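Notes for the one structure printed next.
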Amino acid sequence: MSTDRPRIPGLGQSPDEGVSATITDALAGIALVDHHVHGPLRTAITRDEFEVLITESNEPAPAATVHSDSQVGFAIRALCAPLLGIPAHAPMDDYWDGRSRHTPNELTRILMGATHTGHWLLETGYKGDAILDPTALTAQGVGRVSEVVRLESVLESVAKGANASDLASRFTSELASRTREAVGLKSIVAYRYGFDFDPARPTEAEVTAAAGAWLRSITAGGEVKVTDPTLLRMLLWAGVDTGLPLQLHTGYGDSDVELHRCDPLLLTRWLRLIQGSGTNVLLLHCYPYHRNAGYLAQVFPHVYFDVGLAINYTGAASDLIVRESLELAPFSKVLYSSDAWGPPELHYLGATLWRRGMARALTSFVNDGLWSVDDAIRVATMTGRDNALRVYRIEGA
Amino acid sequence: MSTDRPRIPGLGQSPDEGVSATITDALAGIALVDHHVHGPLRTAITRDEFEVLITESNEPAPAATVHSDSQVGFAIRALCAPLLGIPAHAPMDDYWDGRSRHTPNELTRILMGATHTGHWLLETGYKGDAILDPTALTAQGVGRVSEVVRLESVLESVAKGANASDLASRFTSELASRTREAVGLKSIVAYRYGFDFDPARPTEAEVTAAAGAWLRSITAGGEVKVTDPTLLRMLLWAGVDTGLPLQLHTGYGDSDVELHRCDPLLLTRWLRLIQGSGTNVLLLHCYPYHRNAGYLAQVFPHVYFDVGLAINYTGAASDLIVRESLELAPFSKVLYSSDAWGPPELHYLGATLWRRGMARALTSFVNDGLWSVDDAIRVATMTGRDNALRVYRIEGA
Amino acid sequence: MSTDRPRIPGLGQSPDEGVSATITDALAGIALVDHHVHGPLRTAITRDEFEVLITESNEPAPAATVHSDSQVGFAIRALCAPLLGIPAHAPMDDYWDGRSRHTPNELTRILMGATHTGHWLLETGYKGDAILDPTALTAQGVGRVSEVVRLESVLESVAKGANASDLASRFTSELASRTREAVGLKSIVAYRYGFDFDPARPTEAEVTAAAGAWLRSITAGGEVKVTDPTLLRMLLWAGVDTGLPLQLHTGYGDSDVELHRCDPLLLTRWLRLIQGSGTNVLLLHCYPYHRNAGYLAQVFPHVYFDVGLAINYTGAASDLIVRESLELAPFSKVLYSSDAWGPPELHYLGATLWRRGMARALTSFVNDGLWSVDDAIRVATMTGRDNALRVYRIEGA
């Protein structure tokens, strides 16, 4: 084993060290493609802001408790601390002191640099002012960056000045312009409505009626945020029409979702309708419905999935979730993402805990005699990099 | 390691004995708060009755089979037998013989005493005649006892003599009186209807109409058992109004539930409506929806949960469920309960298997280098005792 | 440990070899009853056909990928290869070359023979022309064979010449004739509609109306495949009336199912309605709803289940699913099946991976001190053989 490459932390002293060294070395050596991620923070934050950025809760923790007494908080103290010159497992106060000695861009370069990611597919539609955009992130020198465009944001950006009958065409034009350089699209219909929508393509008349109602509501002072299911379906179908890989937020997210309405199985009829289109669908996160996603990825040729977000947030317990993602789906259909947003600790944990979970699962399959070491290394490379290169038609590091 | 304190059985000879000794000692030393439990049996039972009391089935086992050929049956033979002077793993006939030499109160003192529980929060609403009440349990000297009041039982107790328009106020008065000493409330809306109820507070007119229909049905000879969803919602909202911690049966129970209608995610809209009230909600049991409960406990500040009942009933397989309860939720939101009712074997298994599952999960997190030993001991203490002390505003042993 | 009996592959070198040798020997020695399985292929297939027969997908794999880069593909290369004189883990091209040297019946005799199955309960309703029927399989000398009859196939076979008012009685006569020698029935209502059907027995008038509509549609050139929920319910109730054990496809299957509508909990009301009938229901496969099935098997005396199909298809990851099937259900309610269809590799993997998963789970329960070795061997024998003998009233090897 070479000594100049990082080993994977979080695996303890296993009796199977021999085999695992080969597999963990291979895993550590993959220049990952993080196929769904957001930018790191642009500016310094307060300790209180940090606490709310390392949870999917939108609220402060109850009195006498902190969000960081959690798997993600413990994993930050164990794994990120040493990268910042802080002792592993130091109390969060000490971690905060040490962290505060670094500028936001230093934190980005240290923590995102340590992920050994070759290509970041950056989704830019959420609170873009607070985080680095693709150009700014590229300048940090932590890997190649491409953009994924959020459908709902594009629609909301063309509402001003649109009318009921030209909204859809304005959207299509804007989408074409916004995706000239983009490698994929993202839908948050899960957040805005749920997956229990009518799977059929909406008619022009339905879209016009829904557009009219939405625009009138905005004029009357209502929210620009689009939640009308007809408009959201219009976005999905327009996304399919582009042929670009289409990411769908699935399962775990903040308290805005109704989680049971984000079970990917609710997409079954829609997935059948778009099966012949040539467009691939990438189900993101999926927890706690990742086994359901694995089923869809097995039976539908155009369905792919990952368990991002759930990995960073479950810390030491994430290895079981990674293992559960390796059940039904062919290995050509499983991808890696961190879905990190903001604190670059989340980017680092996403990559590191994915490598750890894969190393543990693959080592056990090999030690059991059911996989060869070559099988293990090939699956690690497919999942961590090659599947994304193929589906997004991009290049690696 | 001290020798005068009990170690935790059910962990075999692990190669990680070194670290686990420290963690298991700490876990064994916690005076638990069992935040949802029922009394032990008052009188002797027959072998057939015992068989039906160690399953959630309401029926005898099919011909040529016994309920005790199950994880809970095997765990009783392995773990409870030695406490009663019976060889571990003895056949159930031998166990029954040995057990029958003890009076019900002796069994209570031996088995509940061995749980090392400091405080029992006793829910008194189910078949109260068959089990010890708080006063009688206190007299057994197995720990402090407080009461949790079942909302449906209080309503049913005021039906006689009530009319449609005064039922709600009679209920509120009775609830105030019954909770003068109580530390919490319990709802079994999951059993009586399901979680797919209208989340809004019912209007006075709706309550009066539903009350009238229910009272007329009772007068006509119908069941007193309240199943009307409007009345059940009235109880929930009245519970929230008290500010007392509110326990909800969730998930696993007997064949009266429709389990898929007890998925806690179905409470999402109701949880949002009561979020500002100051009242905390405690989701009980939750299996097989415990990952969903962990999500709710992360994103909603007023939501807590446990995996009681599922632990005793899954015996040797319970360690995975305990581990799965330590994924998304902050550790300040996870509690311990046994939900035992009747045979004190269930009280003992609840506590012992919880300690075992925690010892195994926490040891693996520490051995992996992702938690410190101090983290592990702190989380064990929060989950086993301190979270309950804080949420119920009570004292320990 | 004897050396003339097969040990179980796929368990690696465990530190618990001592205990496991006793348990794995016992498991290896059970002459299994495969209570739900289909025939092996009658004729040779192409490599492309093989790829589609080792997935539940109905489609070719996407460009640049193969279905066999999956747990089931890797398990075939690891476990089936040596039985055919091919090195373990050889690339799939080499496996195919080696496999092609054998006739279909040789493959059947080698791979199904190596399962050490005493009795196959063969369901004959799916593409019967492509696979061996009970007589032809019996002639291969790989174990006793009995038949399970698919309800939908029987109805479809009597459509020709029937009219609206005599369809039901023609079906009942044909069913009586077809089941003279059969040991059980199978329903695929999960595929044809879902479990969210009206649980009540349909009235004669409802059946006549539905029969008329279906027969008119066939006359007009429509599909013979029955999908009408009233007719499907009629079949279920007619199945219950026979008193024969009734198998239901549950959960995991191909892209024709809407998986969330195959959650067995949706059967709760129907299960209550038939509870007094004396007919037993066997929930097949159940993944990813196997915990829900375990709950139903605990609380309803007439409910049994297995995790077949999911075991072969999850290969090295199947041990966790086997373990999860040993949580709530009494061990008298859990059965073994492979649900293999076609390539006899699937028959072999079903049996071998089931033995492996049981050996691993039971060894861990014993090593933890929570089960005795005798408990483990008894549960292995119940689950692998004796429960099926009792429920189907059949004999073993």
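Throughout, a chain's letter reflects where its sequence line sits, starting with A, and its residues are numbered from 1. From a predicted model like this one, the values you see are computed outputs, not experimental measurements.
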Within residues 72-92 of chain C, which positions have a heavy-atom distance to chain A below 4.5 Å?
C/Phe74, C/Arg77, C/Ala78, C/Leu79, C/His89

Pairwise distance CD(C/Glu258) to CZ(A/Arg269) - rounded to 0.5 angstrom:
4.0 Å

Reported OG-to-CG distance for the pair C/Ser318 and A/Leu370, which is rounded to 0.5 angstrom:
8.0 Å

Which atoms form the tightest heavy-atom contact between A/Pro330 and C/Ser70, and what is the distance?
CA-CB, 4.1 Å

Identify the heavy atoms of C/Pro60 and A/Pro301 that sit nearest to each other, and give their distance.
O-CB, 4.2 Å

Name the region of A/Val379, side chain, backbone, both or neither, that has any atom closer than 4.5 Å to a heavy atom of chain C.
side chain

Which residues satisfy the side-chain hydrogen bond (donor to acceptor under 3.5 Å, both in side chains) test with C/Thr115, sequence neighbours excluded?
C/Thr117

Please state whether the side chain, the backbone, both or neither of A/Tyr304 comes within less than 4.5 Å of a heavy atom of chain C.
side chain

With rounding to the nearest 0.5 Å, note down the distance linking NE2 in C/His260 to CG in A/Leu267.
9.5 Å

If we define contacts as heavy-atom pairs under 4.5 Å, which of C/Ala317, C/Gly10, C/Pro288 has the most with chain A?
C/Gly10

Considering only NZ, NE, NH1 and NH2 on the basic side and carboxylate oxygens on the acidic side, decide whether A/Asp368 and C/Arg360 come within less than 4.0 Å.
yes

Determine whether A/Lys333 and C/Thr65 make a side-chain contact, defined as any pair of heavy atoms from C-beta on separated by less than 4.5 Å.
no

Contacting region of A/Tyr295 [heavy-atom separation from chain C under 4.5 Å]:
side chain

Nearest 0.5 angstrom please: C/Leu320 CG to A/Ser364 OG, how far?
10.5 Å

So do A/Arg291 and C/Tyr252 actually touch side chain to side chain, heavy atoms under 4.5 Å?
no

Between C/Asp256 and A/Arg272, is there a side-chain N and carboxylate O pair less than 4.0 Å apart?
no

Does A/Glu395 have more than 12 heavy atoms from other residues, nucleotides or ligands lying within 6.0 Å of its CD?
no

Test item: side-chain donor near acceptor, A/Glu327 and C/Tyr287, under 3.5 Å
yes

Residues that A/Gln275 engages under side-chain hydrogen bond (donor to acceptor under 3.5 Å, both in side chains), provided they are two or more places apart
C/Glu59

Counting heavy-atom pairs closer than 4.5 Å to chain C, which one of A/Asn292, A/Thr268, A/Asp375 comes out on top?
A/Asp375

CG of A/Leu328 to CD of C/Gln71: how many Å apart, nearest 0.5 Å?
9.5 Å

If I take atom CZ from residue A/Phe300 and atom CG from residue C/Asp254, how far apart are they, to the nearest 0.5 angstrom?
9.5 Å

Side-chain contact, heavy-atom cut-off 4.5 Å: C/Arg261 with A/Leu265?
no

Please output the residues of residues 188-200 of chain A in contact with chain C, using a heavy-atom cutoff of under 4.5 Å, in numerical order.
none

